[in-house]
Amino acid sequence: MPSTAPSTVARHFLSILDFTPVELRDTLDLATKLKSDRRLGTKAPTAQALGGRHVGLLFEKPSLRTRVTFTIGVRELGADIVAIPADVMHADREPIDDVARNLERWIDAVVIRTFGQDRLHEITKATPRLSVINALSNEEHPCQALSDMQTLVERWKGKPEGRRIAFIGDGNNVCTSLVHAAMMLGVSVHVATPKGYELPDEVVDQAAEISQHGAGLTEFTDPKAAARDVDAIYTDVWTSMGQEVEYAERSRKFMRYQVNAALMALARPDAVFMHCLPAHRGEEVTDEVIESPASVVFDQAENRLHAQKAMLVRLLT
Ligand code: CP
Ligand code: NVA
């Protein structure tokens, strides 16, 4: 079936900041509806929402959750998925903007996992009609933050405003997108990192600019101070993809940032434990915590599917 790319300028999802707070709430509401409609299968109202469209998947780093949930999600919206091998991005083959200008002639959107966020910007500049979706860059992981917020909104019965999350560990891509999304929903965030691994200053400024309902970002070096009385504790690996040579140094510097039962005990009694996965048990989180009743890590993984479908509907229809 021919692709039905819209002639207008495409919308992108490179960052949570590409949504307004209202759009973020609407996307999460749609994600909730898509989750309950999923049992209807091909009779779901959105089963052909993207009928006749084509979505490319291009991953330059490993992935389980993002790859599988986009593959299923695109199909459940009636579109076709095109797997694009990562070697097409090698600069000695052809310039990245030529790759993009080819893709826009065939497909409507491309979901890309890459290194620098600047590569995503290069593609959007080269291709006015191709929607570009960030499936994780070194700087941001907005698709993860959508599902994290869906998970929290479910837990908090639709009322996230005034709640508090602690992110313990590296001020990385997952932390950045979590802060963006939380601020927009009126959720305060405590971020505890070792010195030298804080969030970029730009993200701290953005948090102040986009905050709703008086939510605030507070930075800590002491994980215990950050964890006290929060409604959720979140962590991620200490060494992200692409940083493998720093593993030994990071493991040493992050040792006291492990989320264990003693740290969880400082949070509110009903606090949940969150992790984007993959997790390294015995490093950033103990087996006891990730397997405890407080852990919502597999709800987060499930919600990747629903939240990304909602984002695709918003972007492409
Ligand atoms: N959380 C996440 O993005 O998982 P994958 O790296 O497996 O896609
Ligand atoms: N911060 C991690 C997240 C993996 C989903 C990384 O970038 O490797």
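Residue numbers run from 1 in the order of the sequence given. Basis for what follows: all heavy atoms, side chains included, without hydrogens, waters or symmetry-related copies. For ligands, and for the atoms within them, numbers begin at 1 and follow the listed sequence. Remember, it's a predicted structure, so these values are computed and weren't measured experimentally.
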With under 30° as parallel and over 60° as perpendicular, where do the rings of Trp238 and Phe254 fit, or are they tilted in between?
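Correct class here is parallel.
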
Write out the residue and atom name of the closest protein heavy atom to [atom], then the distance separating them to 0.1 Å.
atom	result
atom 7 (O) of ligand 2	Asn173 ND2, 2.8 Å
atom 8 (O) of ligand 2	Met241 N, 2.8 Å
atom 7 (O) of ligand 1	Leu64 N, 2.7 Å
atom 6 (O) of ligand 1	Arg113 NH1, 2.8 Å
atom 2 (C) of ligand 1	Arg304 NH1, 3.3 Å
atom 3 (C) of ligand 2	Asp236 OD2, 3.6 Å
atom 4 (O) of ligand 1	Arg65 NE, 2.8 Å

Under 4.0 Å from a heavy atom of Cys276: give me the atoms of ligand 1 that qualify, with their elements.
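Within the 4.0 Å cut-off of Cys276, ligand 1 contributes 1 (N).
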
Please identify which atoms of ligand 1 are closer than 4.0 Å to at least one heavy atom of His141.
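Those atoms are 2 (C), 3 (O).
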
Taking only Lys NZ, Arg NE, NH1 and NH2, and the carboxylate oxygens of Asp or Glu, determine whether [X] and [Y] approach each other closer than 4.0 Å.
X	Y	result
Asp287	Arg281	yes
Asp270	Arg268	yes
Glu246	Arg252	no
Lys125	Asp97	no

Which pair of heavy atoms, one from Asn134 and one from Glu140, lies closest together, and at what distance?
ND2-O, 3.5 Å

Taking all non-hydrogen atoms of both residues, which atom of Thr27 and which atom of Ala310 are closest, and how far apart?
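Shortest heavy-atom separation between Thr27 and Ala310 comes out as O-CB, 3.3 Å.
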
Could you point out which residue of Lys309, Lys43, Lys35 forms a salt bridge (charged side-chain N to carboxylate O under 4.0 Å, His left out) with Glu76?
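Result: among Lys309, Lys43, Lys35, Lys309 is the only option passing the salt bridge (charged side-chain N to carboxylate O under 4.0 Å, His left out) with Glu76.
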
Under the criterion salt bridge (charged side-chain N to carboxylate O under 4.0 Å, His left out), which of Arg155, Lys159, Arg163 is the partner of Asp231?
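Going through Arg155, Lys159, Arg163 one by one, the salt bridge (charged side-chain N to carboxylate O under 4.0 Å, His left out) with Asp231 is satisfied by Arg163 alone.
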
Distance filter under 4.0 Å to [X] heavy atoms, resulting ligand 2 atoms:
X	result
Leu136	3 (C), 4 (C), 5 (C), 7 (O)
Asn172	1 (N)
Leu277	5 (C)

Examine the proximity of ligand 1 to Leu136 and report which part, side chain or backbone, both or neither, has a heavy atom under 4.0 Å away.
neither

Answer with yes or no whether Thr239 contacts ligand 2, where contact means a heavy atom under 4.0 Å from a ligand atom.
no

With only distance considered, is Leu277 within less than 3.5 Å of ligand 1 through an N or O on each side?
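Leu277 vs ligand 1: N/O contact under 3.5 Å present.
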
Using the side-chain hydrogen bond (donor to acceptor under 3.5 Å, both in side chains) rule, take His275 and Glu284 through it: C-alpha gap first, then chi angles, then the decisive distance, then the call.
CA-CA 10 Å; His275 194 307; Glu284 75 274 5; 2.7 Å; yes

